[in-house]
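Accompanying notes for the structure given below.
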Amino acid sequence: MPLDFGSHSNKVCSANRAVSKIAPGSHVFVGTACATPRALIHALESVVNVSDDITVLSFITDGAVPHENGLPVSKCRHKCFFVGRDQQEAIRGGTAEYIPMSLAQLPILMKNGRFPIDVSLIQVSAPDRNGYVSLGVSVDIGLNATRVSKKVIAEVNPNMPFTFGDSVIHLDHIDHLVINDTPVYEYVHPPADDVARQVAAYIAGIIDDGSTLQIGLGRVPNAALPYLFDRKDLGIHSDVITEGLLDLIERGIITGRKKTLHREKVVTSYCLGTKRLYDYVHLNQMFEFRPIEYICDPSIIARNYRMVSVTQAFAVDLTGQICTDQLEGNFYGGVSTQPDFLRGAAKSPGGKPIVCLRSTSEDGKQSLIRPQLLLGEGVGISRADIHYVVTEYGMAYLFGKSIRERALSLIEIASPEFRPWLLEEAKRLHYLPASQAMKSQKAYAIEEERMVLLKNGKSVRLRPAKASDADAFLKLFHALSEEDVYTRFFQRLKTLTFNQAQQLCNVNFEHEAAFIAVEGDRENEKIIGSGCYFLDPSTNIAEVGYMVDPEWQGCGLGKALQNRMKEHAVCKGVRGFLSVVLNSNSKMISLAQKAGDNVESVRDAETWEITVYFD
């Protein structure tokens, strides 16, 4: 069907003619990602000369920088706010420049002339009957660029979806129309490897029903989507959406019904995907495409309750500083919207700001959890804004934590072969005391976590203890009564040293294990009980011990901890448990005897020695 431009038909021209109107010295904005106006870019390169001094300004593009034999050959100068595949070689070769800044600030700088825009080159949909065209799959900074630029040249593609929200421009505001009936460029994320899938599984494990998600660019965040098939009523408020969301929408998992802002709407600024995604967003009122400064405004983001932001990083140091725009010594990625989403999620009631990364470089030769960021690795996200950090070895929650606590938590989620080095470097930098050890050299075993319902009707989480739990163990100790302390340690202790607390949680999970019971969210956990065992290799019997917060005694928590430790011990081939209990501690005697059917008890003047065999 021929396109109907009505009274604006006189604006239709060839690409070469349209771009020939661009004056030397102009600053030219080009549209984003899958909506990069390739025909106009090609025409611009064919008509301009290097001496024309044309500056091209862009966010993410594909095809904006022509290449020959893998090398950039553009006649224009390029400035970009995100270094993707299109810009990498040009940046390295010095023919393009990277501008590190939050995209939320860019529209203001466009309006006040700090980033002048003389011409906007955009790709749009076919016009509707009222003369409006849609920016389709990429509103982001393009809408603002058209509002401040002196000239707008639109590549009109009838295959570009017509999207709703704040995404339309009237033909009155376009100077030249160039018809280009070609498929909209498609993008598919590279398949996730085992590392990305493991990181994704950890991330998915802390996303609750009813959460509103921002899933940033990168293989790892997008790999989390298939792990959410058992969730309910998720929502989307994200700078970018990708193909993976469609499976969740079609399964009725993404509904937006629990959103507290733009209920039942998928709110975004641009999308990357294939024709399947483009067909889905076309004339679909479930989707609202809005300018980037609205989407990533922290005050707007925070109005979404249970807002979860998932962003990918390239490196983190032991204090929590994050590099997001340099990989293996070269600029890659960008600051983009990451700090804004993390801050917005942090202010959201029940929000979770998450940064994820591989623990090592892809060749495994260097740790991406570093003692200090390398020279040139800029801080894209400050240590003050970090909450969750996730690798394939587990999760660290850093917000409000000291440098010592941060360093220990991050070493725990580093690749095991680098942990001894990181531990020694942390001591050298005085982040950790010289006495600090780390016994476990495995990934945090999230599969070992269990939710249990107690007699008081409350559910608590039982999880493996970590070396970084020592401070929380001290709080549990100080919650105990004098009698509880005596029955647990057989001494009238007033306090535990830090090293003693470490002995109760810093275990190797081979011939010793420790499990804790926690209440509250992961970012605000309180230890309410603990159980640990230490194996005697000569007998293959493990001695056990427990602590339970007085407020949680009598509700079955001790039994739950005992059952969990028994489950773990049986899997390790442990023969049985030994409990040494004061004669006066009738509750613990009863608990120890219920660990199995084959029980041997020896009593003396002060204690019972209760051995329970599992086989």
Side-chain angles (χ1 to χ4, degrees), residues 405 408 433 435-437 439 452 454-456 458 460-507 512-520 524-536 541-566 569 577-595 601-612:
E405 292 168 318
L408 191 56
S435 61
Q436 181 67 59
K439 293 184 178 181
V452 296
L454 303 179
K455 294 177 184 178
N456 60 5
K458 296 182 179 180
V460 299
R461 183 159 47 91
L462 306 185
R463 68 164 177 83
K466 300 181 289 186
S468 54
D469 289 321
D471 290 294
F473 259 86
L474 291 173
K475 291 180 181 179
L476 173 62
F477 172 84
H478 288 294
L480 301 178
S481 67
E482 290 184 11
E483 189 61 27
D484 286 337
V485 171
Y486 184 68
T487 57
R488 170 62 179 88
F489 296 98
F490 292 17
Q491 300 178 61
R492 298 291 180 183
L493 299 175
K494 294 297 184 182
T495 187
L496 285 181
T497 67
F498 184 75
N499 286 340
Q500 287 173 322
Q502 283 279 309
Q503 292 173 10
L504 298 175
C505 60
N506 189 1
V507 296
E512 55 189 14
F515 288 86
I516 58 176
V518 297
E519 66 163 341
N524 193 33
E525 289 181 334
K526 177 185 178 183
I527 297 180
I528 58 174
S530 74
C532 54
Y533 74 70
F534 301 89
L535 186 67
D536 181 345
I541 300 294
E543 185 171 352
V544 298
Y546 304 92
M547 288 191 291
V548 176
D549 187 299
E551 294 183 5
W552 290 82
Q553 293 176 8
C555 61
L557 182 54
K559 182 179 180 181
L561 285 164
Q562 178 171 266
N563 289 343
R564 182 66 196 91
M565 289 206 304
K566 178 180 176 181
F577 279 166
L578 168 66
S579 300
V580 181
V581 188
L582 288 172
N583 289 337
S584 59
N585 194 351
S586 59
K587 291 182 179 179
M588 189 55 67
I589 292 171
S590 175
L591 175 66
Q593 291 174 335
K594 292 176 182 178
S601 300
V602 178
R603 182 178 181 179
D604 60 23
E606 293 186 5
T607 64
W608 281 79
E609 288 192 4
I610 303 168
T611 304
V612 178

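Bear in mind the structure is a predicted one, so any value in this text is a computation, not a measurement.
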Got [X] and [Y] here, is their nearest side-chain heavy-atom distance under 4.5 Å?
X	Y	value
Asn499	Ser435	yes
Ser579	Met588	no
Pro550	Gln553	yes
Leu504	Phe477	no

Original post:
With sequence neighbours excluded, what pairs up with Phe490 under the side-chain contact (heavy atoms from CB on, under 4.5 Å) test?
Top reply: Val580, Leu582, Thr607
**OP:** State which residues pass side-chain contact (heavy atoms from CB on, under 4.5 Å) with Asn563; sequence neighbours excluded, sorted by chain then number.
**Re:** Lys559
Can you tell me how far apart [atom1] ([X]) and [atom2] ([Y]) are? Round to the nearest 0.5 Å.
X	Y	atom1	atom2	answer
Met565	Cys532	CE	SG	6.5 Å
Leu476	Ile516	CG	CD1	9.5 Å
Met547	Leu561	CE	CG	10.5 Å
Trp608	Ile589	CH2	CD1	6.0 Å
Gln562	Tyr546	CD	OH	4.0 Å
Asn506	Leu408	CG	CG	7.5 Å

Which atom of [X] lies closest to which atom of [Y], heavy atoms considered:
X	Y	result
Val460	Val518	CB-O, 3.6 Å
Gln500	Thr495	OE1-O, 4.2 Å
Ala560	Leu454	CB-CD2, 4.4 Å
Ala472	Ile527	CB-CD1, 3.4 Å
Leu496	Leu474	O-CD2, 3.5 Å

Original post:
Does Ala479 offer a backbone N or O that forms a donor-acceptor pair with the side chain of Asp549 under 3.5 Å?
Top reply: no
Subject >> Whether Gln502 side chain and Ala467 backbone form a donor-acceptor pair below 3.5 Å >> reply: yes
With sequence neighbours excluded, residues passing side chain to side chain donor-acceptor pair (under 3.5 Å) with [X]:
X	answer
Ser481	Asp484
Asp536	Ser538
Asn585	none
Arg488	none

Considering residues at least two apart in sequence or located in another chain, which fulfil the salt bridge (charged side-chain N to carboxylate O under 4.0 Å, His left out) criterion with [X]?
X	answer
Glu482	Lys494
Lys439	Glu512
Arg461	Glu449, Glu525
Glu405	none

Subject >> Residue pairs fulfilling side chain to side chain donor-acceptor pair (under 3.5 Å) with at least one residue in residues 464-479, sequence neighbours excluded >> reply: Arg404-Asp471, Glu412-Ser468, Arg463-Asp469
Original post:
Which residues pass the ring-ring contact (aromatic ring centres under 6.0 Å, His included) test with Phe577, sequence neighbours left out?
Top reply: Tyr533, Phe614
